There are 2 protein chains.
Amino acid sequence: MRPSLNHSKMKSELEVFREFLEQKGMRSTPEREAILTEVFAHHDHFDVEELIMRLRHQGLRISRASVYRTMPLLVESGLVQEVFFEDGHMHYEHIYGHEHHCHLRCLGCRKIIEFRNGAVEEVEKRIGQDQQFEITGHKLEIYGYCQACQEKKD
Amino acid sequence: MRPSLNHSKMKSELEVFREFLEQKGMRSTPEREAILTEVFAHHDHFDVEELIMRLRHQGLRISRASVYRTMPLLVESGLVQEVFFEDGHMHYEHIYGHEHHCHLRCLGCRKIIEFRNGAVEEVEKRIGQDQQFEITGHKLEIYGYCQACQEKKD
DNA sequence: GCTGTGATTGAGACTCGGTCTCATATATAC
DNA sequence: GTATATATGAGACCGAGTCTCAATCACAGC
Ligand SMILES: [Mn+2]
Ligand SMILES: [Mn+2]
Ligand SMILES: [Zn+2]
Ligand SMILES: [Zn+2]
């Protein structure tokens, strides 16, 4: 599942990113735009190493440092989010143009299943009121074993 | 909030840990038990560095390696859980003897508020059925700004 | 279009959380 | 008590991510 929103009247991610950079007094560069493009070229949960490899595969030699420098910008602009920390490094996904979703993770094979659920938004709202917090978001991960991995355990 | 369960007929964490180690063919050692004791001596979200400092403060010189080796055992035994990854390292809390809770985090001052909520358990159960997963747990974090930090932003 | 200037890039040094190695020490079974 | 397999500690090592600095480049102003 990767439900997309109706894109008809949305800005492109490139437009959003350019405006974000401009409004921060930062420059739009070929490196930053190539990274953005590559991030939106795949629908998956990736890490920086994979991203660099994909860029290389496109013939683009963008330095590690630039990729690492760009990730926080993509996150701050709201185009991308950190999904989870696994195997000693962070994993990301692009979110612009997609409905909010949570993750179900198999502890056996590490498969990830995405799901949407309104109840969590309710909880979020109520806790925000209770605690006088201005809520900006949430992350729900459910852990368990997929059917295949349950059978493997016998 | 750190709601405790009724401890009257519960095993102590030390008993649980000893049984866990025995059943894994591992040995109970003064180092492991001192680490366990220190972890249960404070109700907070700590990192390994803090834990080592606390042990030092008790006059105990347990090596970094031993502490790092013991953490996964505490997690695997269900006595402790990883709470979140922040500032480049993992944070933990002891959970044995405490009801499950989730975390509300202020992105301004990094204050953490714990809360309990039954709705998440419902979601967990339903998603497990839908996806044929055997669920073992979940982690819900809500992000936002506490009242003080909202005011600071003006 | 050209220029000037401050932002950006890339190479590689560096940091630091966490792991591994191996010699020494010790818990436990007999 | 002894044997032996497991655990510890010191420090080397690893790898994700950051920092430095010289060279490059985007873009505002002419
Ligand atoms: Mn996802
Ligand atoms: Mn907690
Ligand atoms: Zn699985
Ligand atoms: Zn705050």
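Only this structure's heavy atoms are used, side chains among them; waters, hydrogens and symmetry mates stay out. Below, chain A is the first sequence line, B the second, and so on; all start at residue 1. Keep in mind that this is a model prediction, so the values were computed, not measured.
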Visitor: With a 4.0 Å cut-off on N to O distance, would you call B:Arg110 and B:Asp87 a salt bridge?
Guide: yes

Visitor: Measure across A:Phe84 and A:His45 and return the closest heavy-atom pair with its distance rounded to 0.1 Å.
Guide: CZ-CB, 4.4 Å

Visitor: Take atom CG of B:Leu73 and atom P of D:dA7, then tell me their distance rounded to the nearest Å.
Guide: 9 Å

Visitor: Does A:Arg64 contact C:dG12 through a side-chain donor or acceptor facing the base, at a distance under 3.5 Å?
Guide: no

Visitor: Specify the separation, in whole Å, of atom CE of B:Met26 and atom P of C:dT28.
Guide: 12 Å

Visitor: Is any side-chain N or O of B:Tyr68 closer than 4.0 Å to OP1 or OP2 of C:dT19?
Guide: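 The answer is no; no side-chain N or O of B:Tyr68 sits under 4.0 Å from OP1 or OP2.
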
Visitor: Could A:Arg32 and A:Phe17 be counted as a cation-pi pair, given that NZ or CZ must be under 6.0 Å from the ring centre and within 45° of the axis?
Guide: no

Visitor: Kindly indicate whether the side chain of B:Arg27 and the base of D:dA5 share any N or O donor-acceptor pair separated by less than 3.5 Å?
Guide: yes

Visitor: Between D:dT6 atom C1' and B:Leu21 atom CG, what is the distance in whole Å?
Guide: 12 Å

Visitor: What does A:Pro72 touch in the nucleic acid at a heavy-atom separation under 4.0 angstrom: a base, only the sugar-phosphate, or nothing?
Guide: nothing

Visitor: B:Ile35 has an atom CD1; how far is it from atom C1' of D:dG9, in whole Å?
Guide: 12 Å

Visitor: OP1, OP2 of C:dA11 versus side-chain N and O of A:Ser63: anything below 4.0 Å?
Guide: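 Answer no for this pair, as no side-chain N or O of A:Ser63 is under 4.0 Å from OP1 or OP2.
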
Visitor: Just how far, in rounded Å, is C1' of D:dA16 from CG of A:Leu51?
Guide: 15 Å

Visitor: I need the CE-P distance between B:Met90 and C:dG17, as an integer number of Å.
Guide: 13 Å

Visitor: On DNA chain D, does the nearest nucleotide to B:Arg32 precede the nearest nucleotide to B:Ala65 from the 5' side, or the other way round? Give the residue.
Guide: B:Arg32

Visitor: On DNA chain C, nearest-nucleotide positions of B:Pro30 versus B:Val48: which is more 5'?
Guide: B:Val48

Visitor: A:Arg69 CZ to D:dG17 C1': how many Å, rounded?
Guide: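 Nearest whole value for this atom pair: 12 Å.
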
Visitor: What about B:His94 and B:His42, are their ring centers closer than 6.0 Å?
Guide: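 No - the distance between ring centres of B:His94 and B:His42 does not fall below the 6.0 Å cut-off.
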
Visitor: Measure the distance from CG on B:Asp47 to P on C:dG18 and round it to the nearest whole Å.
Guide: 8 Å

Visitor: With a cut-off of less than 4.0 Å, is there a side-chain N or O of A:Thr29 near OP1 or OP2 of C:dT9?
Guide: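 So the side-chain polar atoms of A:Thr29 do come within 4.0 Å of the phosphate oxygens OP1 or OP2 of C:dT9, strictly under.
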
Visitor: Classify the ring geometry between B:Phe85 and A:Phe85 as parallel (under 30°), tilted (30 to 60°) or perpendicular (over 60°).
Guide: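 It falls in the parallel class, under 30°.
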
